S.K.: 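Provided herewith is a single structure, encoded as structure tokens, for subsequent inquiry.
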There are 2 protein chains.
Amino acid sequence: MASEKNKQSDNQSKVYLEVVGRIKEIIDENQMAPGDKLPSERELTDILDAGRSSVREALRALELLGLIETRRGEGTFISDFRNHRLVEILSGFILQNEKAKKDVVKTRQLLEEICIYTLMNQSKKIDTSFWEAKESIDDGKFFAMLMGETDNYLLAKIWRIISNFEHSLNLPKIEVAKEHYLQLLKDINIGNVKIALKFYEEEIRKNVDFT
Amino acid sequence: MASEKNKQSDNQSKVYLEVVGRIKEIIDENQMAPGDKLPSERELTDILDAGRSSVREALRALELLGLIETRRGEGTFISDFRNHRLVEILSGFILQNEKAKKDVVKTRQLLEEICIYTLMNQSKKIDTSFWEAKESIDDGKFFAMLMGETDNYLLAKIWRIISNFEHSLNLPKIEVAKEHYLQLLKDINIGNVKIALKFYEEEIRKNVDFT
DNA sequence: ATCATTAAGTGGTCTGACCACGTAAATCCA
DNA sequence: TGGATTTACGTGGTCAGACCACTTAATGAT
């Protein structure tokens, strides 16, 4: 009787779960789409009447699920969440086998190659000036951009999720000179698939070799 | 300059992600199984040299993933990975629109292209006799085989899950002539990536168009 | 105009303080 | 003694406040 009285919406005893639900509502009601910015953590804290730590627990969970992405100093944004179960598999999977690590890396690289392939199929030209201006190039950010250039958001999303998990595995980071990334962009813009992919494999990923 | 090694400073990896990784290590090293109890939050805070809030962010994320289970007053326990109630959370979050269905199909096809691409990169030769002997070819079984031919377990598993999920959506089934599948195999064995992928897109998946 | 500086906003993290709950030890009482 | 009760402690749950690091926009100086 009157069991619905407890909280506003539903069951959830834990605040962070409640917040997860409320965030979903916010997204729905405002018809928010991937890329849109969510209210800041402090705003949510106020709106949802919860502690910031609880809000963060919810956001972090959603982030690991690949539903949102956060950029320090900028905010929290909705990402493409249509892959759902992907994460489930990956998680249960990754925490078991050893070979899984290798597969994660390999799969990510495959996605990146497909990305390159896709871009060239679209005859996509990429603006290099932004990256030329940089001192050094972060591998993750670079390919995140590349993924974004394709009109296949699913590809980008899968890549991001896998990348995210890979990150949590504490694998050795790769170091690639800025010039190599720029060369890759150049190859892509020129439009020679074979050269671009070969360059990716041999220069960008040459030093990936972990046990 | 002056970018000392204060705490965990520079590398953009977030503490909570690192904690996720460390927890995984703990589980691995101690050969922990579902049902086993993890160190308490405060212990982890001490062991991992991180704030309790960060530890909790990691734990909450893992909890939402269904990897761990927490019981107030008792502790945190490794949960059976098979308990994926995660799907409900995500589906509630996402499966609202019809477009999601389309995305599932797109994703699967993308994975299949990646598969083909991978096989050819491995210069994998596929035995066609088994399929030639058949009267008709089941699309699912065919690509299940292809996935199995790659040595990337993760890729295969992702595809399998998505494929299963797609089945549950009762989408119209595609009908492709046996000869087309055989032709694809032939293209793969020959080793021309462009032709094989083009053939896949235009012949194997040409008739995929649902609303 | 251009560049450097400042300020404000945002996520990232840590700490300390409580509360709610469960358990086991200590205690009490018949 | 033996069972029931109380107590103390450990654990997760939550909150508030304080900084830090980074981004962006407003501001100021040249």
Side-chain angles (χ1 to χ4, degrees), chain A residues 6-8 11-23 26 35-64 67-79 130 133-136 138 140-141 144-145 164 167-168, chain B residues 1-23 26 35-64 67-79:
Chain A
N6 295 340
K7 304 280 183 174
Q8 248 60 25
N11 35 28
Q12 321 299 10
S13 54
K14 305 186 186 185
V15 174
Y16 94 94
L17 287 178
E18 178 81 14
V19 173
V20 167
R22 299 290 297 276
I23 289 178
I26 292 177
D36 288 351
K37 185 173 176 304
L38 280 170
S40 75
E41 295 182 353
R42 290 169 177 86
E43 279 183 279
L44 286 173
T45 294
D46 191 43
I47 296 173
L48 306 181
D49 190 38
R52 193 180 162 209
S53 52
S54 290
V55 169
R56 278 187 60 81
E57 285 177 13
L59 290 176
R60 257 7 86 211
L62 290 177
E63 182 179 59
L64 196 58
L67 298 179
I68 63 174
E69 54 184 279
T70 51
R71 296 199 282 277
R72 180 186 230 152
E74 298 181 55
T76 304
F77 304 83
I78 300 179
S79 70
F130 172 76
K134 289 198 160 247
E135 276 198 14
S136 65
D138 178 79
K141 290 179 182 173
M145 175 279 293
N164 206 345
H167 214 249
S168 72
Chain B
M1 56 177 72
S3 112
E4 307 306 310
K5 44 120 183 170
N6 291 338
K7 302 285 185 181
Q8 63 290 326
S9 56
D10 48 5
N11 59 358
Q12 74 219 21
S13 63
K14 310 178 184 182
V15 173
Y16 94 93
L17 285 178
E18 231 146 298
V19 172
V20 167
R22 299 287 298 275
I23 289 178
I26 292 178
D36 290 350
K37 186 174 177 301
L38 280 170
S40 75
E41 295 181 354
R42 291 169 176 85
E43 279 183 280
L44 286 174
T45 294
D46 191 43
I47 296 174
L48 305 182
D49 191 38
R52 194 182 160 206
S53 52
S54 291
V55 170
R56 278 187 60 82
E57 285 179 12
L59 289 177
R60 258 6 85 210
L62 290 177
E63 183 179 57
L64 198 58
L67 296 181
I68 64 174
E69 175 183 338
T70 48
R71 296 198 282 276
R72 183 186 223 148
E74 298 181 55
T76 305
F77 305 83
I78 299 180
S79 85

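Just so we're on the same page: letters track the sequence lines, and every chain starts at 1. All of these numbers come straight from a predicted model, not from anything done at the bench.
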S.K.: Just the rounded figure in Å: distance from C1' of D:dA16 to CG of A:Asp49.
M.R.: 13 Å
S.K.: Measure from CZ on A:Arg60 to P on C:dC14 and round the result to the nearest Å.
M.R.: 13 Å
S.K.: In whole angstrom, what separates B:Arg71's CZ from C:dT23's C1'?
M.R.: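 Rounded to the whole Å, the gap is 13 Å.
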S.K.: Taking side-chain contact (heavy atoms from CB on, under 4.5 Å) as the definition, give me every residue that meets it alongside A:Ser53, ordered by chain and number, with sequence neighbours left out.
M.R.: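 Result, side-chain contact (heavy atoms from CB on, under 4.5 Å) vs A:Ser53: none returned.
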S.K.: Can you tell me which nucleotide in C:dT15, D:dT14, C:dG12 comes closest to the side chain of B:Ser53?
M.R.: C:dT15
S.K.: Roughly how many Å is it from CG in A:Leu48 to P in D:dC15, rounded to a whole number?
M.R.: 11 Å
S.K.: Taking atom P of C:dT13 as reference, at what distance in whole Å does atom CG of B:Leu17 sit?
M.R.: 8 Å
S.K.: Please enumerate all residues that pass salt bridge (charged side-chain N to carboxylate O under 4.0 Å, His left out) together with B:Arg72, with sequence neighbours excluded.
M.R.: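 Partners of B:Arg72 under the salt bridge (charged side-chain N to carboxylate O under 4.0 Å, His left out) test: none.
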S.K.: Quick check on D:dG13: is either OP1 or OP2 less than 4.0 Å from any side-chain nitrogen or oxygen of A:Ser13?
M.R.: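 A:Ser13 to D:dG13 OP1/OP2: no side-chain N or O under 4.0 Å.
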S.K.: Scan B:Gly73 against the nucleic acid and name what it touches under 4.0 Å (heavy atoms): base, sugar-phosphate only, or nothing.
M.R.: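 Since a base atom lies under 4.0 Å of B:Gly73, the category is base.
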S.K.: Write down the distance between CD (B:Glu18) and C1' (C:dC14), rounded to a whole number of angstrom.
M.R.: 16 Å
S.K.: Applying side-chain contact (heavy atoms from CB on, under 4.5 Å), name anything that partners B:Phe77, two or more places apart in sequence or on another chain.
M.R.: B:Lys37, B:Arg71, B:Glu74
S.K.: Taking OP1 and OP2 of C:dT10, is either one under 4.0 Å from a side-chain nitrogen or oxygen of A:Thr70?
M.R.: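 Answer no for this pair, as no side-chain N or O of A:Thr70 is under 4.0 Å from OP1 or OP2.
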S.K.: Walk me through it: do B:Arg60 and B:Glu41 pass the test salt bridge (charged side-chain N to carboxylate O under 4.0 Å, His left out)?
M.R.: CA-CA 11 Å; B:Arg60 258 6 85 210; B:Glu41 295 181 354; 2.9 Å; yes
S.K.: Quick check: closest heavy atoms across A:Ile68 and A:Leu59, and the distance to 0.1 Å?
M.R.: CD1-O, 3.2 Å
S.K.: Please report, rounded to the nearest Å, how far the C1' atom of D:dT11 is from the CD atom of B:Glu63.
M.R.: 14 Å
S.K.: Contact between B:Leu17 and A:Leu64 at the side-chain level, heavy atoms closer than 4.5 Å - yes or no?
M.R.: yes
S.K.: Could you work out which one of D:dT24, D:dT14, C:dT13 sits closest to the side chain of B:Val15?
M.R.: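 Of the options given, the side chain of B:Val15 lies nearest C:dT13.
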S.K.: Bend angle of the helix from C:dA1-D:dT30 to C:dA30-D:dT1 from five-pair axes at both ends, rounded to 10°?
M.R.: 30°
S.K.: When you compare the side chain of B:Leu44 with that of B:Ile26, does any pair of heavy atoms fall below 4.5 Å?
M.R.: yes
S.K.: Please give me every residue in residues 36-46 of chain B whose heavy atoms get under 4.0 Å of an atom in DNA chain C, ordered by residue number.
M.R.: B:Arg42
S.K.: Pick out which of A:Val15, A:Val55, A:Leu62 makes a side chain to side chain contact (heavy atoms under 4.5 Å, CB included) with A:Val20.
M.R.: A:Leu62
S.K.: What contact category does B:Ser54 fall into here, base, sugar-phosphate, or nothing, at under 4.0 angstrom with non-hydrogen atoms?
M.R.: sugar-phosphate
S.K.: For A:Thr70, check side chain to side chain donor-acceptor pair (under 3.5 Å) against everything at least two apart and list the hits.
M.R.: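 Counting only residues at least two positions away or on another chain, A:Thr70 forms a side chain to side chain donor-acceptor pair (under 3.5 Å) with A:Glu63, B:Lys14.
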S.K.: In whole angstroms, how far is the C1' atom of D:dT23 from the CZ atom of A:Phe77?
M.R.: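 The answer, rounded to whole Å, is 10 Å.
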S.K.: Can you list the residues that meet the salt bridge (charged side-chain N to carboxylate O under 4.0 Å, His left out) rule with A:Arg42, with sequence neighbours excluded?
M.R.: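 Applying salt bridge (charged side-chain N to carboxylate O under 4.0 Å, His left out) to A:Arg42 gives none.
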S.K.: Donor-acceptor pair under 3.5 Å: do we get one between B:Arg52's side chain and the base of D:dG13?
M.R.: yes
S.K.: Answer yes or no: does a side-chain N or O of A:Arg72 lie under 4.0 Å from OP1 or OP2 of D:dC20?
M.R.: no
S.K.: For C:dT10, does OP1 or OP2 lie under 4.0 Å from any side-chain N or O of A:Thr76?
M.R.: no
